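Numbered from 1 within each chain, the chains take letters A, B, ... in sequence-line order. These numbers come from the heavy atoms of this one structure, side chains and all, not from hydrogens, waters or symmetry mates. Bear in mind the structure is a predicted one, so any value in this text is a computation, not a measurement.
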2 protein chains.
Amino acid sequence: MGGFVLNLNKREFPTREALRQFAKQIPAINVSAVELLLQFLQTSFEIQHYIFDILEKKYKLSEGKLMVMIILYQSSNGIAPSKLAEKACVTRATISAMLHRMIRDGLACSFSNSTDGRAKVVALTEKGRVFMDEILPEHFLRTARLMNNLTEEEQIQLVQLLKKIKGN
Amino acid sequence: MGGFVLNLNKREFPTREALRQFAKQIPAINVSAVELLLQFLQTSFEIQHYIFDILEKKYKLSEGKLMVMIILYQSSNGIAPSKLAEKACVTRATISAMLHRMIRDGLACSFSNSTDGRAKVVALTEKGRVFMDEILPEHFLRTARLMNNLTEEEQIQLVQLLKKIKGN
DNA sequence: ATAATATAATTAGTTGGCTAACTATTAGTA
DNA sequence: TACTAATAGTTAGCCAACTAATTATATTAT
């Protein structure tokens, strides 16, 4: 427990000097608030790289594809591509291309809806479900471990701060 | 002040039920820790969309391109593409293609290094600098405003929590 | 001095994101 | 009923990211 360190992928920030210059032009630019937000996005960037570089190397699985496959995994009766796009927050064009590759690779299958000639229903294949059952436990374990450096209390604090940032 | 709400782009999460099932298999999977991390990444996702959808629509400027242009902006004597790649945390191949488009669009220029025949030096053009001077103030203002929902004290708390997540 | 190795940048090919334009089908309305 | 609207999905074309392979130049070692 503890001792976990994310120490890769340090992207160059705007310098504090540069930010101060802009703040002179527009006093409402709060330099430390900008730096905090950049730090927040940088932390997210490092976490995403930590998690998804592993999945990419081991299973050729990207963040977007995992999102889509989790939604499919949870849609036991299949789902329309348009619904899938909506739930994954990507365009239908993106889903269309991704499904094409997933069907090519035997991870998903699609059926045409009998009551509506325009519509389709897609679902994971057996191979797709087996794949998810194989990768998800270790994925969620890695995910949980990333929060191990925080105490219970700090985790509650963070939940509250995230809610406030979103404005509710 | 206050009242700012990020309310778009709600991606579907793994259900708590599903997470509990995996936690039965691997007890070290702490369900609330996983949910916290997903919430953290989701908040980051919403912030990035809020900021970069605006820049994309107004100026055809993506997150990656902004990162690179900020580094160029801060490299007043120019910089080698390989250094640029390192500082932006992307591959040299990515930088190579991006520079090609930026030069095509008149935002950057490149010179060959006289002392090393392999090397290049790239820099923003006058047009590129003017562009950055135009967009950065409002960009940093938007950035700062995203933290407006937090008090000074909460901002300090968040800095501490981010440091702890990273493990130092 | 030459051969082997390392480095800088580019290119080819894949994925995942986008917008815009298109086809097909359904639903709504005059 | 026939015309118009809306909806579902696909396609074309672009950008940004990746890996792997290639070219050209420097550096190192034998």
Side-chain angles (χ1 to χ4, degrees), chain A residues 8-9 11 45 48-49 51-71 78-105 107-108 110-122, chain B residues 8-9 11 45 48-49 51-71 78-105 107-108 110-122:
Chain A
L8 355 151
N9 302 113
R11 293 180 296 185
F45 176 83
Q48 286 177 69
H49 263 81
I51 292 178
F52 292 105
D53 285 359
I54 292 173
L55 291 176
E56 186 68 44
K57 270 160 209 152
K58 260 180 128 167
Y59 308 107
K60 300 245 172 241
L61 181 60
S62 67
E63 177 165 17
K65 194 165 154 195
L66 178 63
M67 293 286 149
V68 166
M69 289 189 75
I70 284 177
I71 296 167
I79 186 173
S82 52
K83 262 292 173 210
L84 191 50
E86 191 187 314
K87 288 185 173 192
C89 281
V90 296
T91 63
R92 279 172 296 169
T94 295
I95 286 295
S96 195
M98 196 182 286
L99 283 174
H100 187 267
R101 287 185 296 267
M102 287 172 59
I103 290 169
R104 177 199 65 190
D105 298 338
L107 295 169
S110 89
F111 311 92
S112 51
N113 185 327
S114 47
T115 70
D116 185 337
R118 296 165 301 181
K120 278 190 173 181
V121 176
V122 293
Chain B
L8 356 150
N9 302 114
R11 293 181 296 186
F45 176 82
Q48 284 175 69
H49 263 81
I51 293 179
F52 292 106
D53 285 359
I54 294 174
L55 290 177
E56 186 68 43
K57 272 159 208 152
K58 262 179 128 167
Y59 307 107
K60 300 244 172 241
L61 182 60
S62 67
E63 177 165 17
K65 193 164 152 195
L66 178 63
M67 292 287 150
V68 166
M69 288 189 75
I70 285 176
I71 296 168
I79 185 173
S82 52
K83 263 288 172 212
L84 192 50
E86 191 186 314
K87 288 186 174 192
C89 281
V90 295
T91 62
R92 278 172 294 171
T94 296
I95 287 295
S96 196
M98 194 183 289
L99 283 174
H100 188 266
R101 288 185 295 268
M102 287 174 58
I103 290 168
R104 177 199 65 189
D105 298 337
L107 295 169
S110 89
F111 311 92
S112 50
N113 185 327
S114 47
T115 70
D116 185 336
R118 296 165 303 181
K120 278 189 172 181
V121 177
V122 293

*Asks:* Between B/D53 (CG) and C/dC18 (C1'), how many Å, whole number?
*Replies:*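 To the nearest whole Å, that distance equals 10 Å.
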*Asks:* Please report the closest heavy-atom contact between A/V68 and A/A88, naming both atoms and the distance.
*Replies:*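 Heavy atoms of A/V68 and A/A88 come nearest at CG2-CB, 4.2 Å.
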*Asks:* Could you check how far CG of A/D105 sits from C1' of C/dG16, rounded to whole Å?
*Replies:* 14 Å
*Asks:* What's the separation between atom CG in B/L99 and atom CG in B/L107, rounded to the nearest 0.5 Å?
*Replies:* 11.0 Å
*Asks:* Round to a whole Å and report the spacing from CD of B/E63 to C1' of C/dC18.
*Replies:*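 Between C1' of C/dC18 and CD of B/E63: 15 Å.
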*Asks:* When we call it a touch if two heavy atoms are under 4.0 Å apart, what does A/S82 touch: a base, just sugar-phosphate, or nothing?
*Replies:* sugar-phosphate
*Asks:* How close or far is atom C1' of C/dG17 from atom CZ of B/F52, stated in whole angstroms?
*Replies:*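 In whole Å, C/dG17 C1' lies 15 Å from B/F52 CZ.
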*Asks:* What distance separates A/H100 NE2 from A/I103 CD1, expressed to the nearest 0.5 Å?
*Replies:* 7.5 Å
*Asks:* Between B/V90 and B/M67, is there a side-chain heavy-atom distance shorter than 4.5 Å?
*Replies:*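 No - every pair of side-chain heavy atoms lies 4.5 Å or more apart.
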*Asks:* Rounding to an integer number of Å, can you tell me how far B/K58 NZ sits from C/dC18 P?
*Replies:*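 Distance check: B/K58 NZ to C/dC18 P gives 21 Å.
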*Asks:* Quick one: closest heavy-atom pair of A/V122 and A/S110, and the distance?
*Replies:*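 For A/V122 versus A/S110, the nearest heavy atoms are CG1-CB, 3.4 Å.
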*Asks:* Look through every strand shown and name the nucleotide pairing with C/dT26 as Watson-Crick or G-U wobble, where both distances are under 3.5 Å.
*Replies:*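 WC or wobble partner does not exist here.
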*Asks:* Write down the distance between CE (A/M102) and C1' (C/dT15), rounded to a whole number of angstrom.
*Replies:*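 Result: 13 Å.
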*Asks:* Output the rounded distance in Å from CG (B/D116) to P (C/dA6).
*Replies:*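 These atoms are roughly 17 Å apart.
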*Asks:* Got a sec, which residues hit side-chain contact (heavy atoms from CB on, under 4.5 Å) with B/S96, two or more places apart in sequence or on another chain?
*Replies:*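 B/S96 satisfies side-chain contact (heavy atoms from CB on, under 4.5 Å) with no residue once adjacent residues are dropped.
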*Asks:* Drop me the distance from A/I95's CD1 to A/M102's CE, to the nearest 0.5 angstrom.
*Replies:* 8.5 Å
*Asks:* Extract, from 5' to 3' on DNA chain D, the first and final nucleotides lying under 4.0 angstrom from some heavy atom of chain B.
*Replies:*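 Counting from the 5' end, contacts occupy D/dC15 to D/dA26.
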*Asks:* For the residue pair B/S62 and B/F52, what are the closest heavy atoms and their distance?
*Replies:*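 Distance-wise, the nearest heavy atoms are C-CD2, 4.3 Å.
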*Asks:* Enumerate the protein-to-nucleotides 10-13 of chain C contacts in which both atoms are nitrogen or oxygen and the separation is below 3.5 Å.
*Replies:*
| residue | atom | partner | partner atom | Å |
| --- | --- | --- | --- | --- |
| C/dT10 | OP1 | B/K120 | NZ | 2.6 |
| C/dT10 | OP2 | B/S96 | OG | 2.7 |
| C/dT10 | O5' | B/S96 | OG | 3.2 |

*Asks:* Indicate, with a heavy-atom threshold strictly under 4.0 Å, whether A/K60 touches base, sugar-phosphate, or nothing.
*Replies:*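 Here A/K60 touches no strand at all.
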*Asks:* Using Watson-Crick or G-U wobble geometry with both distances under 3.5 Å, which nucleotide pairs with D/dA5?
*Replies:*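 Looking at the geometry, D/dA5 pairs with no nucleotide.
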*Asks:* So does A/R101 get a side-chain nitrogen or oxygen closer than 4.0 Å to the phosphate oxygens (OP1/OP2) of C/dT14?
*Replies:*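 Answer is no, no contact under 4.0 Å.
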*Asks:* So what does B/S62 hit on the nucleic acid, given a heavy-atom distance under 4.0 Å: a base, only sugar-phosphate, or nothing?
*Replies:*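 Touches sugar-phosphate only.
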*Asks:* Enter syn or anti for the glycosidic conformation of D/dA5, syn applying to angles within 90° of 0.
*Replies:*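 Judged by the O4'-C1' to base torsion, D/dA5 sits in syn, the angle falling within 90° of 0.
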*Asks:* Round to a whole Å and report the spacing from CG of B/N113 to C1' of C/dA8.
*Replies:*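 Taking atom C1' of C/dA8 as the reference, CG of B/N113 is at 11 Å.
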*Asks:* Which pair of non-hydrogen atoms, one from A/K65 and one from A/M98, has the smallest distance, and what is that distance?
*Replies:* CA-SD, 3.8 Å
*Asks:* Would a 4.5 Å heavy-atom cut-off, applied to side chains only, mark B/V121 and B/I79 as touching?
*Replies:*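 Result no, sub-4.5 Å side-chain heavy-atom pair not found.
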